[in-house]
Amino acid sequence: MTRATMVRAVLAVAVLLVSVYITLTMSPRLGLDLQGGTRMVLQAKDSDTAKADRDSTDRTLEVLRQRIDSLGVSEPTLTRSGEDRIIVELPDVQDPRQAAEVLGKTAQLSFHPVLGPGTAPAEGEKEKKDELALPDEQGDLLALGPVRLSGAGVKDATADFDGQQGTGWSVSLDFHKDAGKKWTELTGEAACNPAQDPRRRVAIVLDDKVISSPQVSPSVGCNVGLPSTSTQITGSFSAAEARDLALLIKGGSLPVPVEVVEQRIVGPTLGADAIDASARAALIGAAATALFIIVMYRLFGGLAALALAAYGIISYAALIALGVTLTLPGLAGFVLAIGMAVDANVLVFERAREEHEDRPNRSLFSSLTAGFKGAWSAVADSNVTTLIAAGLLFFLGSGPVKGFGVTLAIGVVASMFSALVIARALTEIAASSRFVNTRRGVNGIQRPGAVRTRLNERNPQLFRSPRRWLTISAVLVVVALAGIFVRGINLGVEFTGGRLVEYSTSRPVDVETARDAITAAGFGDAEVTTAGDGDLSVRTGKLDNDGENTLRAALAEEGGETTKVRDELIGPSLGDELRRNALIALGVAVFVQLAYLAVRFRWTFAVASVGALVHDVIILVGVFAWLGRPVDGIFLASLLTVIGYSVNDSVVVFDRVRELWANSRRSPIGEIANRAVLQTVPRTVNTGMGALFILAALVVLGGDSLEDFALALLIGICVGTYSSVMTAVPGALLLEKSSKAPPPARKRSSGGKVSRQKARDPLDNGARV
């Protein structure tokens, strides 16, 4: 065993032990669809008596969404109910009363000049329009001038502790550019007054209360002012008060005040039966994937399956340790990460097979080491592009999009660790054994696979006519677009809004039974949860009174006498801003991936990869349009997963094209591309089969709740596998014909050559003939 192998083994054991400890000692945070949580109904008001209109309520909803994200609640659901009510669902909230208190605050922040000592207005006398008297921190009244700067000018707010200066906890504010200029002007005017004069102070007002009125330092000159970048609010804050104030300011001011009119605990969207069925399907699918890998790669396949199990433990522990909320859309990120973990092992094993075919006398350890080295660039590029997308979705998205980015990033990092550290340590230890070396039928590397053997025998020429494959892809896109325009997209209630009806039944009815009855009555897109004392809450799309009567009758067959407790029209939970942010995040992610691939490969390869990605998205949406399936938040997560899988597949193919072309610069690009595709087909087939086992199990065994989720991934992965070869490669060939760029430069060291110093063979005693 080499020293590097020993280091990997020790690192793998250490990470696994920590992960097991976290798994056994800490509990996960489950989302509303898995565990339930708190539901609050907020009433928006323009004044004490007037109701808020639809526009101001929508603006308030988006500010609340930002504020909830700042509070650290992942995967919240916010919907508008009627004209002036907002329904907020918070998964796994420990203290609902505290959340309600923070959400209900208006947080109207403003900055005023101090005009001098104030006097209380006489009874019945209104304050002047541009002047108000408010108590300062000590309770003394201050006469304040008009608002010179609002909280909207604050770019960021953070809670800081300064023990050296004795100021304790404070809140630091960073201003936007124009707001910073106003701050400089305001403090510059105050500095024109003598020291200790009340007019040298600036009042910072939150919700009609002076929270701080600092005096401008004597060192600041008249009309000079403080710097326009930042300032600090002090006021004898406790740690909790400083953090809450920073969150409120950062979350934004509510356009109108809100009042909590109802608060209750709700049950999970997915019933216990659906969760159990999903778990069984995932286990069966994972077992089938492991069995497939073992059949394909024998002993090394079994070791890869152990590394895959380790991936599950590590990623789960990471989610728990970071406090990430586990939800159904987050499972999509795990499915993609499982596929990438399998993909990395398959890439290495197939590359090791190639190395052994090229040099049959090479030992198993040397072939395996060369396989890891040769596959490294493809593994790194595919994972980096996925991490770029995950990071941008997290920083630019919100709500479910942000949650998907977190779970995807954690899954990708864990999958790389399991494949490149754990699996490598296990396989290198096995390859160091003479028993494994001398029995070629055991290790799975020293014998070519069936797919590779047949391709070598037939050597099909796939790209004699690249336009033929592009024509087929274009026809598929046209058919998909026809479905979108002819049948239309069946937008789910997250996008369109709908109707929320709550029922009380004389006999207890569990969620799964109620969902089955409602689905049989023709409301397959309905979301069912428990609410209050065993009541059932049903949310569905457009529902007229006749439809509501049908729905109630279906529940009455299971629950006896059924009474309607609540009936409200609600707006979309994926609001305009959330949908816009999701599209912006997706667009930026695609652009950054395009730039990365153009730098790492060639611009022709990058454009072809993105073209295949767009091809996959259109076809998936079109298939769902033809099938009439709902396009909702879960579908959005599936779509993001398909995008990541498509780019990952294309990167593997083009990495091989680049390598072969660099080693044979005078060969036609068409011939190079054909060889690259034939060499990577075993990897493509084996990786796709590994992911399909899990998805097929979810479709068949996961129940109605997961059927659309798994179906979207199943279709997307099949289409992505096809497009990465038959769309991206022909597209790149046509672009290369119009490009005058030279072939890629030859690498200094080939992936197939491993020096003795870098990869010492433990079975090599140094003897030579």
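Between Thr369 and Ser366, the side chains place no donor N or O within less than 3.5 Å of an acceptor N or O (distance only, hydrogens not considered). Side-chain contact, Asp381 with Tyr596: a donor N or O sits under 3.5 Å from an acceptor N or O. Using modelled atom types, one finds a donor on one side chain and an acceptor on the other under 3.5 Å when comparing Thr604 with Glu736.
Atom CH2 in Trp469 sits 13.0 Å away from atom OG in Ser723 (nearest 0.5 Å). Taking OG1 of Thr2 as the reference point, atom CD of Glu428 lies at 5.5 Å (rounded to 0.5 Å). With rounding to the nearest 0.5 angstrom, the CG atom of Leu299 is 9.5 Å from the CD1 atom of Ile294. Residue Ile715 holds its CD1 atom at 8.0 Å from SG of Cys718, rounded to the nearest 0.5 Å. The distance from atom OG1 of Thr427 to atom CG of Leu368, rounded to the nearest 0.5 Å, is 4.5 Å. Of the inter-residue distances, the one linking Leu678 atom CG with Gln461 atom CD reads 7.5 Å to the nearest 0.5 angstrom.
The backbone N or O of Arg600 lies less than 3.5 Å from a partner atom in the side chain of Arg658, making a donor-acceptor pair. With hydrogens and angles disregarded, no donor-acceptor distance shorter than 3.5 Å links the side chain of Arg8 to the backbone of Val421. Although no hydrogens or angles enter the test, the distance criterion places no donor-acceptor pair under 3.5 Å between the side chain of Trp661 and the main chain of Arg656.
When every heavy atom of Pro630 is checked against every heavy atom of Phe635, the shortest pair comes out as O-CB, 4.3 Å. Across all their heavy atoms, Asn345 and Ala423 have their closest contact at OD1-CB, 3.3 Å. Minimum heavy-atom separation, Ile314 to Ala414: CG2-CB, 4.1 Å. Annotation for Thr727 and Ala612: closest pair CG2-CA, 4.2 Å, computed over non-hydrogen atoms. The minimum heavy-atom distance linking Phe300 with Ala430 is given by the pair CE1-CB, 3.9 Å. Minimum heavy-atom separation, Ala608 to Ala732: CB-N, 3.6 Å.
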Point to revise | Chi angles and distances behind the side-chain contact (heavy atoms from CB on, under 4.5 Å) call for Ile472, Met726 | key: CA-CA 9 Å; Ile472 295 175; Met726 300 307 180; over 6 Å; no
Practice item. Please step through side-chain contact (heavy atoms from CB on, under 4.5 Å) for the pair Leu711 and Leu627, ending with a clear verdict. Key: CA-CA 11 Å; Leu711 181 63; Leu627 296 177; 4.2 Å; yes
Exercise for review: Show the numbers, then the answer: is there a side-chain contact (heavy atoms from CB on, under 4.5 Å) between Val623 and Val719?
Suggested key: CA-CA 11 Å; Val623 170; Val719 174; over 6 Å; no
Review point. Run the side-chain contact (heavy atoms from CB on, under 4.5 Å) check on Leu426 and Ile422 step by step: do they pass?
Key: CA-CA 6 Å; Leu426 291 174; Ile422 299 178; 4.1 Å; yes
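Counting heavy atoms from C-beta outward, Phe601 and Asp655 have side chains that approach closer than 4.5 Å. At a threshold of 4.5 Å between non-hydrogen side-chain atoms, the residues Leu420 and Trp376 count as touching. With a 4.5 Å cut-off on side-chain heavy atoms, Ser664 and Ile672 count as touching. Taking 4.5 Å as the limit, every side-chain heavy atom of Trp626 sits out of range of all side-chain heavy atoms of Ile484. Contact annotation: the side chain of His615 approaches that of Val477 to within less than 4.5 Å [non-hydrogen atoms, C-beta and beyond]. Residues Ser473 and Tyr722 have side chains in contact (heavy-atom distance under 4.5 Å, counting atoms from C-beta outward). Contact of the Phe372 side chain with the Val379 side chain is not registered, since no non-hydrogen atoms from C-beta on lie closer than 4.5 Å. Annotation: side chain of Leu481 is in contact with side chain of Phe485 (closest heavy-atom distance under 4.5 Å).
Remark: Arg665 does not engage Glu659 in a salt bridge, criterion side-chain N to carboxylate O under 4.0 Å.
For Arg468, the CZ atom is densely surrounded, since the number of other residues' heavy atoms within 6.0 Å is greater than 12.
Each of Asn674, Ile669, Leu733 was evaluated against Val657; a single residue qualifies, Ile669, per the side-chain contact (heavy atoms from CB on, under 4.5 Å) test.
Taking the six-membered ring where the residue is Trp, Phe349 and Tyr297 present tilted rings, their angle falling between 30° and 60°.
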